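Written below as structure tokens is the structure these notes are about.
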Amino acid sequence: MARYNFRETETNWQKRWAEAASFEVDEDPNRPKYYVLEMFPYPSGRIHMGHVRNYALGDLVARFKKAQGFNVLHPMGWDAFGLPAENAAIERGVHPAKWTRENIDAMREQLKRMGLSYDWRRELATCDPDYYRHEQKMFLDFHKHDLAYRRESWVNWDPVENTVLANEQVIDGRGWRSGAPVEKRLLSQWFLKITEYADELLTALDGLERWPDRVRLMQRNWIGKSEGARVFFDINGRDDRLEVFTTRHDTLFGASFCAIAANHPLASEIAAKNPELAEFVAKCNRLSTSEAAIETAEKEGFDTGLTAQHPFIPDLKLPIYVANFVLMEYGTGAIFGCPAHDQRDLDFARKYGLQVLPVVLPSDADAATFEVGNEAYIGDGRIFNSEFLDGMAVDDAKAEMAARLVEGNHGERTTSFRLRDWGVSRQRYWGCPVPFVHCEACGIVPVAEADLPVELPLDVDFDTPGNPLDRHPTWKHTDCPSCGKPARRETDTFDTFFESSWYFARFADAHSEQAFSPEAAKYWMPVDQYIGGIEHAVLHLLYSRFFTRALKKCGYLDVDEPFAGLMTQGMVCHETYRDMDGNWVYPSDLVRGSDGSWTDGKGRPVTTGRIEKMSKSKRNVVDPENIIDNYGADTARLFMLSDSPPERDLEWTEAGVEGAWRYINRLWRMITEPNISLPSELGDRPSSLTPAAETALKAIHKAIFSVTDSIDRFRFNSAVAQIRELTNALGELEGSKSADPGEDSAGDGDGDAWVLRFGFETLVRLIEPMTPHLAEELWHRLGHREMLTEQPWPVADPAMLVDDRVTVAVQVNGKLRGTIDVARDASEDIVRPEALALDTVQKILEGREPRRVIVVPNKIVNVVA
RNA sequence: GCCCCUGUGGCGGAAUUGGUAGACGCGCCAGACUCAAAAUCUGGUUUCUGCAAGGAAGUGUCAGUUCGAGUCUGACCGGGGGCACCA
């Protein structure tokens with residue numbers, strides 16, 4: 001029995017597709033375009049199963065859309081700047097550029113072995129000056145359009161990585177990569193004004209209908225819009241006023257203090273003259289932002305001695321504290337405290353003996369006796385103790401208070417966002433240089449466009465920690481573009497999210513002298529289907545949405561949203577194993593004993609643990625290359641698609657891979673060695689078919705319909721199941737023929753053979769997006785000379801999707817009692833008596849008339865006894 | 001703490017969106033082929049009960065809406081995720 005030789009077949013077709021330039025595309029105004037993009041990888045050196053899943057999903061979509069007649073752009077590139085390259089340089093003495101290039105070469109070869117339908121002409125690497133020169137230009141344009149600016153700011157400093165981290169890169173107060181507790185430092189940093197688009201980025205989420213709700217929700221929370229008011233308090237004995245942001249202006253009459261952040265200008269001013277306060281401020285700055293620290297840190301304050309004048313109660317003067325729980329970065333960096341209705345304020349008030357006056361009365365409480373203990377009341381209710389607000393509901397009181405504040409010039413309605421501007425400066429070497437120069441006379445000066453790119457110097461060393469650019473003997477010395485005098489280059493580089501915020505547009509025109517030609521971008525953008533991990537739900541996707549708008553403002557692009565459709569894939573998981581000493585064991589090291597137990601290869605027992613995301617640290621990884629070597633790319637791809645829906649986690653199992661492998665061989669045998677001889681090509685459909693052939697033909701059309709529908713709805717696992725069902729149906733038809741060859745002489749054999757051939761061709765066409773090499777090979781074995789990748793997607797004949805007779809379920813009181821076989825669309829007059837005539841129904845009715853009979857055509861009859 | 005998602009056989013998961021629950025696969029059991037094994041093929045496989053035909057129960061739990069609920073509503077329990085001193 002000839003086994004399927006995947007090695008030969010896969011390399012052969014990869015070569016043939018490349019020679020035929022099957023997946024190279026150009027703009028074609030006469031065809032609808034479809035842009036499929038998978039999140040490009042960081043070139044770590046080897047692909048892992050997460051990549052395999054991501055690209056198997058993307059390739060399925062790309063090939064499917066191509067077959068449906070779209071002009072499909074499907075590119076691949078490398079997110080090539082970043083810390084691991086520098087770490088490799090430090091640990092192994094390899095230059096980051098060399099390390100990165102070698103990794104890219106290795107990974108490109110691995111990807112090519114997967115048979116993915118990329119237009120490789122468009123490959124790009126973000127560390128290439130030809131790429132990053134354009135983003136330097138973009139940055140200059142952003143600066144011109146007031147979207148990039150520089151300011152002193154408190155930053156998250158990672159003491160291990162020696163760099164600044166974005167807020168998003170701080171997880172539970174620790175660096176996302178190093179895990180070290182993050183410190184606060186004041187540095188001069190470049191920022192992109194993402195907050196200018198906060199509202200638009202929020203409202204536009206509603207229009208992203210082909211994005212998962214989950215991701216939209218996460219972005220919504222991240223942007224964190226809250227409507228409220230700004231209240232102005234006069235500071236007694238001073239000319240200036242204290243501005244406070246609140247969403248609870250309805251509780252203003254319950255205010256008993258004000259508090260400002262340790263970094264608030266007013267705090268700094270007083271601290272300059274007050275060593276005690278200075279000490280308190282320093283203490284606040286030392287406080288780490290880690291979860292543990294926040295949980296345990298007590299609310300603490302320092303009384304400035306100043307008081308704020310309550311806007312509506314002339315003789316109420318609120319003490320102003322500097323408090324450790326007030327953040328400078330949010331709102332105005334100052335609050336008023338209403339202890340009765342805010343837990344933090346209450347904790348603070350109890351500690352410092354401040355008044356707790358309830359002003360919102362729960363509906364079931366009595367105004368005379370209602371008191372707040374150690375739990376603030378944050379629910380709804382009626383306002384009391386509040387003069388002109390008394391008796392109002394919370395929402396009405398907010399509106400009324402806002403109006404009064406405006407009227408008396410005591411405040412204004414305002415909106416606050418949690419989102420902050422994006423700090424893009426990094427004190428690292430392996431990134432895109434920021435194209436600015438520091439001149440003693442002229443200040444911060446942009447590099448002239450003609451002098452771009454500012455290239456990274458390659459002659460650097462990594463022997464000492466910190467930024468090699470800063471230590472380079474000559475690189476940073478240059479002349480001021482403005483006055484010509486000696487000046488110093490900016491030695492910071494961009495956050496690597498910068499590169500990934502526009503690469504999708506570069507793919508439209510990857511070798512352009514411009515960032516991309518406007519025509520090419522206009523044709524290809526936006527990405528129709530973007531596919532990648534949920535871990536990028538906020539950062540990368542939000543930055544890209546902002547970048548696209550910024551690029552539009554600067555005239556590069558004409559779209560608002562970069563990704564019209566988004567699919568977030570689940571993780572690839574695997575069982576974990578440990579030896580007796582608790583060390584993790586690689587699945588590939590396991591040996592199965594005769595009694596079914598596992599050992600680690602040295603005869604020592606191994607225990608099986610939880611199923612977890614594949615990770616190097618737990619060693620529960622399977623190398624895709626081994627799978628491709630042993631089973632072929634098609635098997636790996638098919639398994640990736642068949643077991644779980646894309647958005648859910650997938651458990652990688654050896655048994656599952658075997659199952660996919662078995663199916664591939666079964667399909668191979670079935671089509672290359674059919675039990676009956678097939679017509680050499682598919683002619684016209686024979687006029688008469690045996691009932692079995694007729695049924696099979698219908699099954700083929702139903703499969704076309706349901707597979708297409710499943711793929712359209714991203715139910716790829718269902719699509720695989722439907723393909724397998726069709727395989728089973730065709731196997732039955734084929735089996736019945738070989739078992740009863742006598743029928744052939746009756747003249748029906750031709751019809752059966754025709755249906756079988758039609759079925760095989762359909763099967764091959766349907767499975768091509770999943771197992772392209774196998775499909776292409778079978779297509780040619782069926783006698784075709786043209787490429788399957790150029791064949792159109794099959795279309796089901798609607799007439800073949802319906803049956804003449806249908807099985808209708810018969811229930812009594814909602815419980816299934818039997819089925820009847822009736823003509824499709826048979827009238828109630830026919831169905832009803834047939835249903836009632838069933839023995840099982842009669843037995844329950846015992847001669848009585850049913851109280852009611854519900855007939856749903858072609859579906860069900862429910863007899864109410 | 002707040003917000004969101006989720007719960008179906010031994011396992012991964014289907015279910016035309018309110019109409020025959022368990023498609024398809026994995027695993028397991030039995031059989032065929034084989035000296036034997038592997039591979040392959042055939043059949044079975046929700047649970048309980050029964051020799052059987054059959055009967056009963058069944059989609060986390062409890063209630064509700066409906067002729068009819070895996071699907072809709074409410075409460076509760078379990079699992080997962082996001083945010084978190086955000087005023």
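We name chains A, B, ... by the order of the sequence lines, and we start the count at 1 in each one. This one's a predicted model, so the numbers in the text were calculated from it and none came from an experiment.
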Please determine if A:Glu243 and A:Arg241 form a salt bridge, counting it only when a charged side-chain N lies under 4.0 Å from a carboxylate O.
yes

Residue of the set A:Ile383, A:Leu252, A:Thr251 for which side-chain contact (heavy atoms from CB on, under 4.5 Å) holds with A:Met401
A:Leu252

Nearest-Å distance, CG (A:Asp213) to C1' (B:G82)?
14 Å

Identify whether the distance between the nearest side-chain nitrogen and carboxylate oxygen of A:Asp803 and A:Lys698 falls below 4.0 Å.
yes

Within the structure shown, what part of the strands sits under 4.0 Å from A:Arg724 by heavy-atom distance: base, sugar-phosphate, or nothing?
sugar-phosphate

Sole residue of A:Phe302, A:Phe336, A:Phe257 in ring pair (Phe, Tyr, Trp, His ring centres under 6.0 Å) with A:Phe348
A:Phe257

Give one of base, sugar-phosphate or nothing for A:Asp345, where a contact means two heavy atoms less than 4.0 Å apart.
nothing

Return no unless some side-chain N or O of A:Lys815 is found under 4.0 Å from OP1 or OP2 of B:C67.
no

Check every atom of B:A87, B:C26, B:C24 against the side chain of A:Ala655 and return the nucleotide holding the closest atom.
B:C26

Between atom CZ of A:Arg724 and atom OG of A:Ser642, what is the distance when rounded to the nearest 0.5 Å?
6.5 Å

Stems for RNA chain B (at least 3 consecutive Watson-Crick or G-U pairs, under 3.5 Å) come to B:1-7 with B:77-83, B:10-12 with B:24-26, B:27-32 with B:40-45, B:46-49 with B:54-57, B:60-64 with B:72-76

Donor-acceptor pair, distance only, cut-off 3.5 Å: does the side chain of A:Glu575 make one with the backbone of A:Ile611?
no

Base B:C41 to side chain A:Arg666, donor-acceptor N/O within 3.5 Å cut-off
no

Give me the distance, rounded to whole Å, that separates B:G55 from B:U66 when you measure between the P atoms they each carry.
29 Å

Salt bridge or not for A:Lys702 and A:Asp709, using N-O below 4.0 Å?
no

Going 5' to 3' along nucleotides 6-21 of chain B, which nucleotides have protein heavy atoms under 4.0 Å from the base (write B), which only from the sugar-phosphate (write S), and which from neither (write -)?
------SSSS-B-BB-

